[in-house]
Amino acid sequence: QVQLEESGGGSVQSGGSLRLSCVVSEWIYSSYCMGWFRQVPGKEREGVAGIDSPGSPSAPDYAESVKGRFMISLDITKNTLYLQMSNLKPEDTALYYCALDPGGGYCPAGKDDYRHWGQGTQVTVSS
């Protein structure tokens with residue numbers, strides 16, 4: 001069973017930066033989508049960013065709320081998915097999750113039907 005483990009969350013002031021990491025226990029899919037999501041208690045989960053497996057011509061996709069501030073990347077040599085977050089705002093405060101789904105080819109930020117999910121890492125941004 002593939003396991004995903006996030007880290008890198010924490011508390012920062014508005015305008016600060018954080019880098020989230022998501023380590024994948026094993027690569028069992030030749031093509032796949034990976035994504036970052038966030039959720040605030042009482043609200044629906046929001047897709048933040050999506051990325052296709054290496055070699056895909058598709059560019060990463062981002063939610064409008066984070067475009068220009070967040071960047072998703074994948075280092076398969078380290079089995080790790082990243083989310084670099086800059087210019088953080090209080091409204092970015094949430095529990096952030098990573099996810100993995102076989103198939104690839106089209107990995108929009110709004111894709112939500114992922115097969116594997118991590119447990120989440122908390123990000124808190126103070127004003």
Side-chain angles (χ1 to χ4, degrees):
Q1 178 71 9
V2 175
Q3 295 184 340
L4 310 179
E5 184 172 1
E6 304 93 338
S7 63
S11 297
V12 296
Q13 290 190 330
S14 183
S17 299
L18 282 174
R19 188 178 76 162
L20 305 184
S21 299
C22 169
V23 177
V24 182
S25 60
E26 56 181 323
W27 294 108
I28 62 174
Y29 305 121
S30 57
S31 61
Y32 47 84
C33 288
M34 293 202 73
W36 284 100
F37 296 80
R38 64 188 182 186
Q39 189 166 24
V40 176
K43 294 189 177 181
E44 291 188 358
R45 184 170 58 203
E46 175 189 17
V48 173
I51 189 168
D52 205 344
S53 43
S56 168
S58 300
D61 187 55
Y62 299 90
E64 285 296 326
S65 58
V66 306
K67 276 184 180 179
R69 300 189 299 121
F70 289 12
M71 185 174 71
I72 187 172
S73 61
L74 179 61
D75 187 341
I76 60 172
T77 66
K78 297 182 179 179
N79 286 12
T80 304
L81 177 75
Y82 299 101
L83 185 68
Q84 179 67 48
M85 305 185 295
S86 304
N87 191 21
L88 283 162
K89 304 176 181 180
E91 51 263 43
D92 294 319
T93 295
L95 187 63
Y96 283 73
Y97 300 88
C98 62
L100 167 68
D101 196 55
Y106 180 57
C107 308
K111 172 183 166 64
D112 198 46
D113 57 339
Y114 279 79
R115 181 173 299 182
H116 307 284
W117 293 84
Q119 294 299 308
T121 185
Q122 178 67 36
V123 172
T124 302
V125 184
S126 58
S127 57

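Position 1 is the first residue of the sequence, and the numbers go up from there.
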Original post:
Between Leu18 and Phe70, does a side-chain contact (heavy atoms from CB on, under 4.5 Å) hold up when you go through it step by step?
Top reply: CA-CA 10 Å; Leu18 282 174; Phe70 289 12; over 6 Å; no
**OP:** Could you tell me how the ring of Phe37 sits relative to the ring of Trp117: parallel (under 30°), tilted (30 to 60°) or perpendicular (over 60°)?
**Re:**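 Phe37 vs Trp117 ring planes: tilted.
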**OP:** First locate atom CD of Gln39, then atom CD of Glu44, and finally report the distance between them rounded to the nearest 0.5 Å.
**Re:**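 Nearest 0.5 Å value for the CD-CD distance: 8.5 Å.
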**OP:** Measure the OG-NZ distance between Ser127 and Lys89 for me, rounded to the nearest 0.5 Å.
**Re:** 13.5 Å
Keeping the roles fixed (side chain from [X], backbone from [Y]), state whether a donor-acceptor pair exists under 3.5 Å.
| X | Y | value |
| --- | --- | --- |
| Tyr114 | Cys98 | no |
| Ser31 | Gly103 | yes |
| Asp61 | Ala109 | yes |
| Ser25 | Val2 | no |
| Glu6 | Gln119 | yes |
| Asp52 | Gly105 | yes |

With clusters defined by side-chain heavy atoms of hydrophobic residues (ILVMFWY) lying less than 4.5 Å apart, directly or transitively, does [Y] cluster with [X]?
| X | Y | result |
| --- | --- | --- |
| Val12 | Trp36 | yes |
| Leu74 | Val48 | yes |
| Ile76 | Ile72 | yes |
| Val125 | Leu20 | yes |
| Tyr62 | Val123 | yes |

Original post:
Just wondering, more than 12 heavy atoms not from Ile28 lying within 6.0 Å of its CD1?
Top reply: yes
Subject >> Atom CD of Glu91: over 12 foreign heavy atoms under 6.0 Å >> reply: yes
Original post:
Is there any salt bridge (charged side-chain N to carboxylate O under 4.0 Å, His left out) pair reaching into residues 24-42, and which pairs are they, with sequence neighbours excluded?
Top reply: Arg38-Glu46, Arg38-Asp92
Is there side-chain contact between [X] and [Y], with heavy atoms separated by less than 4.5 Å?
| X | Y | value |
| --- | --- | --- |
| Val24 | Met34 | yes |
| Ser73 | Gln84 | no |
| Val23 | Gln3 | no |

For the student: nearest non-hydrogen atoms of [X] and [Y], plus distance:
| X | Y | value |
| --- | --- | --- |
| Gln122 | Thr93 | NE2-CG2, 4.0 Å |
| Ser126 | Pro90 | C-CG, 4.5 Å |
| Thr80 | Lys78 | OG1-O, 2.6 Å |
| Ala94 | Val40 | CB-CG2, 3.8 Å |

Subject >> Tyr29: ring-ring contact (aromatic ring centres under 6.0 Å, His included) partners, not counting sequence neighbours >> reply: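 With neighbours one apart ignored, the set is His116.
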**OP:** Name all residues meeting the ring-ring contact (aromatic ring centres under 6.0 Å, His included) criterion together with Tyr32; count only those two or more places apart in sequence or in a different chain, and write none if there are none.
**Re:** Trp27
**OP:** Check the pair Leu81, Leu4 against side-chain contact (heavy atoms from CB on, under 4.5 Å), reporting the backbone distance first and the verdict last.
**Re:** CA-CA 10 Å; Leu81 177 75; Leu4 310 179; over 6 Å; no
